[in-house]
Amino acid sequence: MPVGVSVSGGAEAVGVAGSEHGGKTLPAQPDQPQQPQQPQQPQASLPLERLRGLTHIEHIREQLSLITLEEAAVDADLDAILKSRSAIETTLGSLELLRPQIQMLRTDADGLVTVIEKTWSVAQGISGKVRQLDLEQSRVKTTLQLLDDVQELKACAFGAQRAIARSDIETGADFIARFLRFNVEPVEEIFVHTMVMADDQDPGFMGISATDGSTSPGVDDPLGLMGPSPVKSLRHAQATLTNLLMDEFDAAVQANNPDEIVRCFKMFPQLGKAELGLDKFAAYVCGNISQFCHEGMRAATESNNRRNMYVDLITRLFEVIASMIDRQEAMVESHYGPGRMLSVIQRLQREADIQSSILIGGLMEARQLKRKVKDIQAYEDMTRRKHQPANAQPAEPPVDSRELDHILGEIAAICQKAHLFDRFLRVRASGEVVKLREASEQEKAGAFFKGQSLKGMPIPPEGSDGLNKSSKLNDQVQTLISYFVSIEDYFIKCSIEKALTIDEHDPSSLTSSCVDDVFFILKTCAKRGISTSDADCLCALINSIGRLLEVDFMNVLQKKLSQAFSSGSVDGKDSKSGFLTTLNNIDVSCEYTIKLAQEVEADIPWSFAHVSELSREKIKSCLSTLTEHAVKFKNILQTWLENFFNQTVKPRIRPLMQSVYADIRYVLSEDEYMQYEATDPFLRRFASTFTKLISPYQSSLTEANATATVSLILEHIARDWERHVFTLRFNQLGALRFDKDLRGVTAFLMSYTGGAGGGDTTGWGTRDKFTRLGQVATVLCIETVDELLEFWGAKAGPISWRFGANDVRKILALRIDFQQDEIARLKL
């Protein structure tokens, strides 16, 4: 083996049996099982450069054999090609025969291309001529149409001039309406060029006078392009007819001739003066409204009935404006186009502001609202002073409540009418804005409407109604609302004070008269606040009602209760009756307060449907605050019921229950048990004693107060009975008897408190108060001490024990037949 042979040469060779490593040939691998293989491509020889680098004899021999195989394959391919030579030569000969035919086809194709190019150039020339002819034809048509327009305009000018001469405005308006449909700019350009050419030539060019532009007599003018422009004549006629129409309209207004006014009003759009016609008509309508208001004021002033004068006048003012809009809308839309009524509505809104401001100002002055509000504020400041002389006389109210009631009714009615009127105007104006926007879009698409074009006419933006957001009427109403809130607050306060002053108690009634009087006034005032249709006004009024109920009503009732307690006169018959009546007054007041809030809330959806959702939520928030006052009053009532119970009722319970407990034992023999079973002395005594204890309060208190008092009595009876049980001793029969007594008392109380006026219809309240006693009976009734473990701790199940382990042992110790050591060993 030679040393230093290149390893890469032998390793990269394809098909080499062995490889070299360290100059030695690796031993042949032992035969392994042959795996099925895919057919392989024949091996190729190495390139010449690689062959020159081979030094191993085996590699050289192998490459030689591969080259020999390749040479044989090449020789076979050459033989196959030589064998197919005759077929190839035959095919080439066939192709050579086709050469003349192909040459002829090429010559024909070149000739066809030449013909097509000539035809295309001729077609191009014809097409250009046709296009030029079409252009000339369109120009001729345009010229003919212009000549027709010129003749039509001249006829219109002639007709308009004759109508002016005869003062026939209607005929002249028809000619002007025809003129306004034309596009007169090309016609004007024609006559401008004609005059320029006449100026550039001799003065007598084409018979046209250089001074006035008129044609000379005898000059032939077949096209009608000589002489003055008919457009100028028609515009002059339009101005003349407009002046004549305005004079006739003004004369009709002066003569108060409605038919003539409507006739003239319909002709303004024909003259292209739609805005002028709408302005004149709106001025006429506003003048009628102003005259109507002045006459109404004068008639009301001269008459003796001035009580509701301003409300009636404002109502009639709004009704007249609304009826005018209803009557004139169809006529305006018919002759002026859709959406044109908007300008009239805008003008009527301004006139309504003027006239309503006059009427509301007259109301404020006649009723002296500003002075009354100042007097009320001064009176309230004086009554709120803390340091007053002891001998100071109470200040007299500055204004009579009956007069204030009438003023408040007037203000509420005016505010309601103003809100309704404002909503009416805005709904109608919004509809006109929609029509105007649609008409503008249709006009852009080529539609034609009667009246003047909408181009350049301002259209309110999306979401706007085109009216002033804050009108003078709204400002005046807000001023009235501020007066209304101040006067209503004072009126409620005076009414509460008066109701408390004249308070009377009918023996057949559980409450006194002040409760019904006060809440009748509050309900009336709340309804009046709703009628204003102003959310802020109603919110302020609801807040005032809650504050005045607490400060001027509930505080007075609490003072009466405090005085009765401080003097110790609750036990007296008359004092006790007055005390219970006051408690009933507070209870019924709580109920009425909640009911008042519910009634107001029920009116919100339809009375304030026009306001925003935020305003409605604001009203509901104020109503929830008013309901919170009722909860506060209930807490105050509960406190006074507990005070009354502790001072008056509680001291009577123990002596009465001692009479029930007397001679009752629970260490019984079988004979004694049977005797108790037959007579049931405990239940009979308890029923008699409880009825005697509760019946006076049952008939003197409201249902809620009676229920609360019974609840306090039952709680105290349960505690006292439990205390007494722990002083007794029991055996098995006695425990069973105690359990029956407890069940009988519970059943009696459930039937008693669940009846008329009891309030505890389910009986759960009564059961809950005697739960501890029931658990005492359960422990006492077991047969053995260990039996307690069956329903104690983890085995308690639904039982929620209210005694601890030590208390249970004390209860078990009450059984004389249980051993103390067994009780002590009990694992609880």
Side-chain angles (χ1 to χ4, degrees), residues 401 492-527 545 548-550 552-565 567 569-599 629-645 647-649 691-713 752-761:
S401 297
I492 295 173
K493 181 177 181 180
C494 290
S495 299
I496 291 176
E497 291 176 354
K498 187 174 181 179
L500 292 171
T501 302
I502 63 174
D503 186 24
E504 294 180 353
H505 179 236
D506 186 356
S508 62
S509 176
L510 296 177
T511 59
S512 61
S513 62
C514 67
V515 177
D516 290 336
D517 293 343
V518 167
F519 279 91
F520 173 77
I521 293 297
L522 294 181
K523 183 177 180 180
T524 301
C525 294
K527 294 293 183 182
I545 289 174
L548 294 173
L549 270 178
E550 181 177 1
D552 293 313
F553 186 61
M554 283 297 165
N555 285 352
V556 173
L557 297 182
Q558 287 192 81
K559 286 180 182 179
K560 289 183 179 181
L561 298 175
S562 299
Q563 290 172 359
F565 262 87
S567 62
S569 60
V570 179
D571 293 333
K573 182 177 180 180
D574 294 337
S575 299
K576 180 180 178 181
S577 175
F579 189 87
L580 296 179
T581 301
T582 305
L583 291 177
N584 293 338
N585 288 345
I586 297 178
D587 177 53
V588 175
S589 297
C590 296
E591 179 184 347
Y592 284 177
T593 302
I594 296 174
K595 185 178 180 181
L596 176 63
Q598 292 174 346
E599 289 179 352
H629 282 289
V631 175
K632 186 187 299 184
F633 300 157
K634 282 187 176 294
N635 295 333
I636 294 172
L637 175 63
Q638 184 63 29
T639 301
W640 283 108
L641 283 172
E642 292 175 358
N643 293 338
F644 172 73
F645 171 79
Q647 181 172 338
T648 306
V649 183
T691 303
K692 185 186 301 182
L693 175 65
I694 198 62
S695 57
Y697 308 112
Q698 201 85 12
S699 61
S700 302
L701 293 173
T702 60
E703 180 179 339
N705 286 345
T707 301
T709 304
V710 170
S711 177
L712 293 172
I713 292 174
Y752 193 90
T753 57
D760 187 14
T761 56

Query raised in the report: Atom CD1 of I694 and atom OG1 of T709: how far apart are they, to the nearest 0.5 Å?
Result: 6.5 Å
Query raised in the report: Looking only at atom types and distance, does a side-chain atom of N585 sit under 3.5 Å from a main-chain N or O of S512, one as donor and one as acceptor?
Result: yes
Requested in this report: Tell me, yes or no, whether the heavy-atom count around K692 atom NZ, taken from other residues, nucleotides or ligands under 6.0 Å, exceeds 12.
Outcome: no
Query raised in the report: Should the ring pair Y697 and F644 be called parallel, tilted or perpendicular, given that the plane angle runs from 0 to 90° and is split at 30 and 60?
Result: perpendicular
Requested in this report: Could you grab the distance from atom CG of L641 to atom CG of L712, nearest 0.5 Å is fine?
Outcome: 7.0 Å
**Report entry** Side-chain heavy atoms of L561 within contact of I586, under 4.5 Å
**Finding:** yes
Query raised in the report: Is there a donor-acceptor pair closer than 3.5 Å between any side-chain N or O of T639 and the backbone N or O of N635?
Result: yes
Requested in this report: Please examine the side chains of E550 and F633, heavy atoms only from C-beta on, and report whether any two atoms are closer than 4.5 Å.
Outcome: yes
Query raised in the report: Between N705 (side chain) and L583 (backbone), is there a donor-acceptor pair under 3.5 Å?
Result: yes
Requested in this report: With the side chain counted from C-beta on, respond yes when I521 and D517 share a heavy-atom pair under 4.5 Å apart, and no when they do not.
Outcome: no
Requested in this report: Look at the side chain of T648 and the backbone N and O of F645, then say whether any donor-acceptor pair between them is shorter than 3.5 Å.
Outcome: no
Requested in this report: Measure the NE2-CE distance between H629 and M554 for me, rounded to the nearest 0.5 Å.
Outcome: 11.0 Å
**Report entry** CD on E497 to SG on C494, rounded to 0.5 Å
**Finding:** 5.5 Å
Query raised in the report: Passes side-chain contact (heavy atoms from CB on, under 4.5 Å), L549 versus F519? Steps please.
Result: CA-CA 10 Å; L549 270 178; F519 279 91; 3.9 Å; yes
Query raised in the report: Looking only at heavy atoms, what is the nearest atom pair of D552 and K493, with distance?
Result: OD2-CG, 3.6 Å
Query raised in the report: Considering all heavy atoms of both residues, which atom of L510 and which atom of S699 are nearest to each other, and what is their separation?
Result: CD2-O, 3.6 Å
Query - Closest non-hydrogen atom pair between L701 and A706, with its separation - result: CB-N, 3.8 Å
Requested in this report: Go through V649 and I713 one step at a time and tell me if the side-chain contact (heavy atoms from CB on, under 4.5 Å) criterion holds.
Outcome: CA-CA 8 Å; V649 183; I713 292 174; 3.8 Å; yes
Report summary line: The reported gap from OG1 in T511 to CG in N584 (rounded to nearest 0.5 angstrom) is 7.0 Å
Requested in this report: Taking D503 for its side chain and C514 for its backbone only, find out whether a donor-acceptor pair lies under 3.5 Å.
Outcome: yes
Report task. Tell me, with the steps shown, if Q558 and W640 meet side-chain contact (heavy atoms from CB on, under 4.5 Å). Result -> CA-CA 9 Å; Q558 287 192 81; W640 283 108; 3.7 Å; yes
Report summary line: When rounded to the nearest 0.5 Å, the distance separating CG of L557 from CZ of F553 is 4.5 Å
Report task. Determine yes or no for a side-chain-to-main-chain donor-acceptor pair under 3.5 angstrom, with T593 supplying the side chain and S589 the backbone. Result -> yes
